[in-house]
Amino acid sequence: MPEGACARLRGWPHVCNGCNKRRYHCSMPFRCEYSAARAQLLADGELSAARRGVDRTEEEFESIAAKIRADLARGLSPAQIADARSSEFRAAPSTIYRWIERGYAGMSNMDLRRKVGYRPRRRAAPAPTPHGPERSFSAFSALPEGEREAACEMDTVIGRAADRQCVLTLYLRCCRAQLCPILSLGSGETT
């Protein structure tokens with residue numbers, strides 16, 4: 001314990017958090033406060049750091065990386081390398097891809113024959129809903145509580161395209177009951 005420390009710090013919980021003088025009237029040069037959020041961040045960082053990197057000795061990894069580089073030069077994929085070298089070292093194809101992507105032992109994605117030829121996938125923009133903003137969940141949430149409780153929510157559950165029936169779900173908010181009648185897709189009848 002450093003000199004000038006409060007006697008409160010010598011006993012459990014060894015922090016100033018419960019002290020009355022802590023904020024404005026404490027004249028002690030050494031203070032110690034506990035922050036749960038900061039402690040959680042430090043613990044999460046330690047857990048993450050423990051799983052980072054390569055779980056091998058330097059010599060083992062250099063030997064493995066040399067074999068992987070030689071196999072990549074022959075045109076083998078990481079899946080083929082992991083399968084062919086399973087008796088010599090254990091590494092999943094995803095691990096080999098990760099090592100290559102991170103540039104360990106001088107490897108790069110340029111060594112992967114097929115990955116270089118792929119273009120990044122274009123993601124389609126989400127399709128707009130057929131109804132306007134007046135029928136959105138935010139508009140529903142803005143309604144008064146009484147109107148929301150009196151509402152009936154409806155949806156349709158359709159299976160495969162070959163199915164001849166679907167389920168109509170009706171949720172009655174006022175009594176918290178859900179009805180699920182089965183509908184025929186062709187005739188519109190309820191069975």
Side-chain angles (χ1 to χ4, degrees), residues 1-129 133 136-142 148 153 155:
M1 188 65 54
E3 281 191 39
C6 179
R8 183 181 184 88
L9 295 178
R10 292 194 179 100
W12 189 86
H14 307 288
V15 291
C16 298
N17 286 36
C19 183
N20 307 9
K21 301 177 184 179
R22 173 172 68 123
R23 293 194 188 242
Y24 306 109
H25 307 297
C26 186
S27 60
M28 295 293 174
F30 180 77
R31 288 184 222 124
C32 183
E33 292 192 26
Y34 175 77
S35 166
R38 186 165 185 270
Q40 187 65 46
L41 283 174
L42 290 172
D44 290 346
E46 194 170 311
L47 285 174
S48 176
R51 293 187 303 271
R52 199 172 294 140
V54 180
D55 191 22
R56 314 276 175 157
T57 65
E58 214 171 312
E59 296 81 26
E60 281 180 329
F61 180 69
E62 284 301 324
S63 168
I64 292 170
K67 293 173 184 174
I68 291 173
R69 278 196 307 265
D71 289 343
L72 287 173
R74 290 180 30 217
L76 296 178
S77 72
Q80 292 169 327
I81 295 170
D83 189 43
R85 301 279 187 174
S86 63
S87 62
E88 299 170 47
F89 60 86
R90 289 183 53 191
S94 59
T95 302
I96 297 174
Y97 274 114
R98 194 176 321 110
W99 289 350
I100 293 168
E101 192 167 320
R102 290 182 181 168
Y104 291 161
M107 296 182 280
S108 73
N109 281 334
M110 296 301 286
D111 297 331
L112 298 172
R113 185 176 46 164
R114 292 187 66 192
K115 193 162 189 176
V116 175
Y118 288 144
R119 291 185 180 153
R121 291 183 182 172
R122 280 187 265 155
R123 302 283 180 206
T129 56
S136 66
F137 182 72
S138 57
F140 176 74
S141 299
R148 282 188 303 201
E153 298 178 31
D155 199 357

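- Of the possible donor and acceptor atoms, none in the side chain of R90 sits under 3.5 Å from a partner among the backbone N and O of A82.
- Remark: side-chain polar atoms of S141 are paired, donor with acceptor, to backbone N or O of F137 under 3.5 angstrom.
- Separating the CD1 atom in I64 from the OG1 atom in T95 is a distance of 10.5 Å, to the nearest 0.5 Å.
- I68 has its side chain within reach of F89: a pair of non-hydrogen atoms, C-beta onward, lies under 4.5 Å apart.
- Heavy-atom contacts from other residues, nucleotides or ligands closer than 6.0 Å to CD of E88 number more than 12.
- The nearest pair of heavy atoms linking P78 to I100 is CG-CD1, 4.2 Å.
- Note that CD1 of I96 is 8.5 Å distant from CG of D71, once rounded to the nearest 0.5 Å.
- Atoms CZ and CD1, on R74 and I81 in that order, are 8.5 Å from each other to the nearest 0.5 Å.
- Listed for the Q40 side chain is no donor-acceptor partner under 3.5 Å among the backbone atoms of A37.
- Atom CH2 of W99 is separated from atom OG of S94 by 10.0 Å, given to the nearest 0.5 angstrom.
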Quick one, R98 with E101, criterion salt bridge (Lys or Arg N to Asp or Glu O under 4.0 Å). Give me CA distance, side-chain angles, the key distance, then yes/no.
CA-CA 5 Å; R98 194 176 321 110; E101 192 167 320; over 6 Å; no
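- The CG atom of L76 sits 10.5 Å away from the CG atom of D83 when rounded to the nearest 0.5 Å.
- One distance of note links CD of E153 with CZ of F140; it measures 5.5 Å at 0.5 Å rounding.
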